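Comments concern the structure below.
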Amino acid sequence: MSEKKVYIDPMNIAFAKIMEIFTLIGLLVMLIFGLLYIMGMNPYLNMASVINHWGLPASKFWSQTKGIQVKGYVFLHYLNTMDCLSMLGICIMALAPLFSVLGAVLRARNKIYTILLIILMAEFIFAIIRPIIMAAGGE
């Protein structure tokens with residue numbers, strides 16, 4: 001059986017490598033700070049309260065666990081606590097596609113791909129800032 005060589009565009013390689021790196025970093029951040037939270041180190045939310053209210057929509061969850069109304073990225077105000085730092089890992093993973101597309105744009109050789117990827121980046125950026133601009137509640 002002969003091996004076939006497959007050409008992979010540098011744009012695709014850049015996308016995949018950046019996605020892999022950001023995903024691994026995000027998972028590690030979630031794992032490390034999540035374990036520290038489970039061990040009871042400097043929590044923002046009481047674990048028993050979290051377990052009792054886990055199935056609620058976001059607005060009701062935050063209202064009943066902390067008595068606050070969720071607007072934007074509230075957890076960024078409490079990055080000195082392990083549970084909020086764990087959520088930072090989710091943010092890192094959510095940003096992985098944006099940075100991966102940026103890496104692909106920098107490696108794109110075709111103007112059509114460049115234009116389409118820039119449009120995709122604009123959509124990602126809007127999705128990121130939407131909760132701040134529109135004060136979305138995260139339902």
Side-chain angles (χ1 to χ4, degrees):
M1 220 172 173
S2 66
E3 288 186 32
K4 292 185 178 183
K5 292 191 177 198
V6 176
Y7 173 75
I8 301 173
D9 193 287
M11 173 181 73
N12 296 330
I13 292 170
F15 181 90
K17 284 185 178 182
I18 294 168
M19 184 70 92
E20 179 182 28
I21 290 167
F22 272 82
T23 301
L24 289 174
I25 292 170
L27 286 172
L28 282 173
V29 168
M30 285 177 22
L31 180 66
I32 292 167
F33 294 115
L35 287 173
L36 291 173
Y37 170 64
I38 289 171
M39 293 186 326
M41 184 179 279
N42 196 24
Y44 176 62
L45 297 172
N46 177 303
M47 182 142 348
S49 181
V50 169
I51 292 168
N52 290 333
H53 298 93
W54 190 251
L56 297 175
S59 61
K60 288 182 183 177
F61 173 85
W62 285 104
S63 174
Q64 292 184 15
T65 57
K66 281 310 250 189
I68 62 173
Q69 186 177 9
V70 179
K71 296 278 187 210
Y73 299 106
V74 69
F75 74 95
L76 290 174
H77 297 286
Y78 306 100
L79 289 180
N80 60 333
T81 62
M82 295 305 127
D83 41 349
C84 291
L85 280 169
S86 180
M87 290 175 66
L88 191 60
I90 296 169
C91 281
I92 292 169
M93 291 190 342
L95 291 173
L98 176 64
F99 290 114
S100 299
V101 170
L102 176 60
V105 165
L106 297 175
R107 294 291 196 117
R109 298 179 187 166
N110 185 320
K111 288 186 187 221
I112 299 289
Y113 285 141
T114 303
I115 292 167
L116 290 174
L117 289 169
I118 289 171
I119 292 169
L120 183 59
M121 282 178 41
E123 291 175 351
F124 273 125
I125 291 168
F126 177 72
I128 291 166
I129 62 173
R130 182 182 169 270
I132 298 168
I133 294 171
M134 299 179 159
E139 289 291 331

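Heavy-atom basis, side chains included; hydrogens, waters and symmetry copies ignored. Numbers here simply count residues along the sequence, with the first being 1. Since we're looking at a predicted model, the values are computed, not measured.
- Between Met19 and Ala96 the shortest heavy-atom distance is SD-CB, 3.6 Å.
- Ile128 and Ile90 are not part of a single hydrophobic cluster, where members link through side-chain heavy atoms under 4.5 Å apart.
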Go through the steps for Leu117 and Met11 under the test side chain to side chain contact (heavy atoms under 4.5 Å, CB included), then give the verdict.
CA-CA 11 Å; Leu117 289 169; Met11 173 181 73; 3.7 Å; yes

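- With values rounded to the nearest 0.5 angstrom, Leu98 atom CG is found 5.5 Å from Ile125 atom CD1.
- Residues Ala14 and Gly103 approach most closely at CB-O, 3.8 Å, considering heavy atoms.
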Validation: residues 27-42 side-chain donor-acceptor distances under 3.5 Å, sequence neighbours left out:
unit_1: Tyr37; atom_1: OH; unit_2: Leu45; atom_2: O; d: 3.0
unit_1: Asn42; atom_1: ND2; unit_2: Asn80; atom_2: O; d: 2.3

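- Contact record, Pro10 with Arg109: CG-NH2, 3.1 Å, taken as the closest heavy-atom pair.
- One distance of note links OG1 of Thr65 with CH2 of Trp54; it measures 10.0 Å at 0.5 Å rounding.
- Identified under the ring pair (Phe, Tyr, Trp, His ring centres under 6.0 Å) test for residues 107-133, with sequence neighbours left out: none.
- Cluster annotation: Leu85 and Leu95 are assigned to the same hydrophobic cluster (Ile/Leu/Val/Met/Phe/Trp/Tyr, side-chain heavy-atom contacts under 4.5 Å, transitive).
- One distance of note links CG of Asp83 with CG of Asn46; it measures 10.0 Å at 0.5 Å rounding.
- Through chains of ILVMFWY side-chain contacts below 4.5 Å, Leu116 is grouped with Ile112.
- Counting only heavy atoms from C-beta outward, the side chains of Pro43 and Met82 never approach each other to under 4.5 Å.
- Remark: Asn12 pairs with Ile8, Asp9 by the side-chain contact (heavy atoms from CB on, under 4.5 Å) rule, at least two apart or across chains.
- In this structure, the side chains of Val50 and Phe61 come closer than 4.5 Å at one or more pairs of heavy atoms.
- Residues meeting the side-chain contact (heavy atoms from CB on, under 4.5 Å) test with Thr114, sequence neighbours left out: Val105, Ala108, Ile118.
- The aromatic rings of Phe99 and Phe22 lie parallel to each other, with less than 30° between the two planes, well short of the 60° mark.
- Cluster annotation: Met93 is not connected to Met121 through the hydrophobic network of ILVMFWY side chains, with a link wherever side-chain heavy atoms come within less than 4.5 Å.
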Can you check side chain to side chain contact (heavy atoms under 4.5 Å, CB included) on Phe15 and Arg107, steps first, answer last?
CA-CA 9 Å; Phe15 181 90; Arg107 294 291 196 117; over 6 Å; no

Step by step, work out the side chain to side chain contact (heavy atoms under 4.5 Å, CB included) result for Ile18 and Leu102.
CA-CA 9 Å; Ile18 294 168; Leu102 176 60; over 6 Å; no

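- For Glu20, the side-chain contact (heavy atoms from CB on, under 4.5 Å) partners two or more places apart in sequence, or in a different chain, are Leu24.
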